[in-house]
There are 2 protein chains.
Amino acid sequence: MLLVRYMSQEQSQRMQSMCESAKAHVDDLLVLLSKSKMLSTLYVMNCDPDPMRFSEIKKRVDSSSTTVARRLGELEDHGLVTRTAYATVPATVEYALTKDAIALQPSLESMFEWVLNRADSSL
Amino acid sequence: MLLVRYMSQEQSQRMQSMCESAKAHVDDLLVLLSKSKMLSTLYVMNCDPDPMRFSEIKKRVDSSSTTVARRLGELEDHGLVTRTAYATVPATVEYALTKDAIALQPSLESMFEWVLNRADSSL
DNA sequence: CCGCATCCCTACGGATACTG
DNA sequence: CAGTATCCGTAGGGATGCGG
């Protein structure tokens, strides 16, 4: 599939009317990914294939619990993470990426590699 | 280089004190990339190796001129795009990615591929 | 320990209008 | 055409505090 908005003028004309809803979905995902700490959250979880507990994620992402909870909630809504609560005392909740999210790993990894290189070279 | 925050506890302890500034730079870049339309802007410009004019970018990204101008300005500040103005009437300005930004292309492309697939399958 | 609800508050995005 | 300046509304992030 090709993305109308990013094509040159001629081809896009025809398709414009069709996949308006697809455009909406794409924007949806881009908005999701652009939320604060979202990339970090996904990256952190991708680093470690095992399910991860809330506080561990929070520590590594280094953000408020509010924000972390929001991001995890949004990811769950989009079917990118699964949440499993255990009836222990105190509570234990584990988050795991779905395989759809794991498919993002290579992209994320190379993106972070790029970020790290740039951060280095600007020291 | 390794990123302290995303490592497991033990190793990070030692390094924590050192590269605090690196952390700041990384966060800087992540914040930059997380701004609205930033990923789209980079992707659009990456699709086409040739320099691109303001209105063309604006059209493809589909955002207000304010936002597009802001994003391009920020990218220029970070050395990711170069701006070239020609003394024509009316004015002509071309934007091109620097090679640092072009290095991001593979990541962006696979990330967008993922986004498109997901947008499709959720129709 | 987990994480939602509330409040506050800023910063960001968009519309509009105006310059070279 | 390619912006900048201004204003404004709102989304969204953080702190705190409570409940499970």
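Order of the sequence lines sets the chain letters (A, B, ...), proteins ahead of strands, with each chain counted from 1.
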*Hey, does A/S55 reach any base, or is it just sugar-phosphate, or nothing, if we go heavy atoms under 4.0 Å?*
sugar-phosphate

_Separation of atom CD in A/E94 from atom C1' in C/dG3, rounded to whole Å_ = 16 Å

*Could you check which of C/dG3, C/dA15, D/dC1 has an atom nearest any side-chain atom of B/P90?*
D/dC1

*asked:* With a 4.0 Å cutoff (strictly under), does any side-chain N or O of A/S36 reach OP1 or OP2 of D/dG13?
replied: yes

*Residues A/V93, A/R53; criterion side chain to side chain contact (heavy atoms under 4.5 Å, CB included); working and verdict*: CA-CA 6 Å; A/V93 182; A/R53 303 188 50 189; over 6 Å; no

*Under 4.0 Å between any heavy atoms, over every strand shown, what does B/K58 touch: base, sugar-phosphate, or nothing? Just pick one.*
nothing

*D/dG13 OP1/OP2 closer than 4.0 Å to side-chain N/O of A/K37*: no

*Can you label the angle between the A/F112 ring and the A/Y43 ring as parallel, tilted or perpendicular, going by 30° and 60°?*
parallel

*asked:* Heavy atoms from C-beta onward define the side chain here; which of D/dT16, D/dG12, D/dA2 lies closest to that of B/R83?
replied: D/dA2

*Using only side-chain N and O atoms of A/Y86, determine if any of them is under 4.0 Å from OP1 or OP2 of D/dG20.*
no

*Do A/D62 and B/K23 meet the salt-bridge criterion of a basic N to acidic O distance under 4.0 Å?*
yes

*asked:* By the 4.0 Å heavy-atom rule, please label A/A91 as base, sugar-phosphate, or nothing.
replied: base

*Rounded to whole angstrom units, what separation is found between the CE atom of A/M52 and the C1' atom of C/dC1?*
17 Å

*Within the structure, does a side-chain N or O atom of B/R53 lie under 4.0 Å from either OP1 or OP2 of D/dC1?*
no

_Donor-acceptor pair (no angle test) under 3.5 Å: A/R70 side chain, C/dG3 base_ = no

_Strictly below 4.0 Å: does B/T67 bring a side-chain N or O up to OP1 or OP2 of C/dG14?_
yes

*Can a salt bridge be assigned to the pair B/E56 and B/R60 using a cut-off of 4.0 Å between side-chain N and carboxylate O?*
yes

*asked:* Tell me whether A/K58 contacts the main-chain N or O of A/S63 through its side chain, where contact means a donor paired with an acceptor under 3.5 Å.
replied: yes

*asked:* Rounded to whole Å, how long is the line connecting atom CD of A/E74 with atom C1' of D/dG13?
replied: 11 Å

*Of all the nucleotides listed (D/dG3, D/dG13, C/dG14), which has the minimum atom distance to the side chain of A/R71?*
D/dG13

*Does the base of D/dA2 carry an N or O that pairs as donor and acceptor with the side chain of B/T92 under 3.5 Å?*
no

*Selection from C/dT6, C/dG3, D/dG3 that lies nearest to any side-chain heavy atom of A/Y95*: C/dG3

_By the 4.0 Å heavy-atom rule, please label A/S63 as base, sugar-phosphate, or nothing._
sugar-phosphate

*Between D/dA11 atom C1' and A/D28 atom CG, what is the distance in whole Å?*
15 Å

*Would you mind telling me which residue lines up with the more 5' stretch of DNA chain D, A/S65 or B/F54, judged by nearest nucleotide?*
B/F54

*Can you tell me how far C1' of C/dG3 sits from CG of A/L75, to the nearest Å?*
15 Å

*Nearest-0.5 Å distance, OG1 of residue B/T67 to NZ of residue B/K37*: 8.0 Å

*Write down the distance between NZ (B/K35) and P (D/dG12), rounded to a whole number of angstrom.*
15 Å

*For the pair made of CG in A/L72 and P in C/dG3, what is the distance, rounded to whole Å?*
8 Å

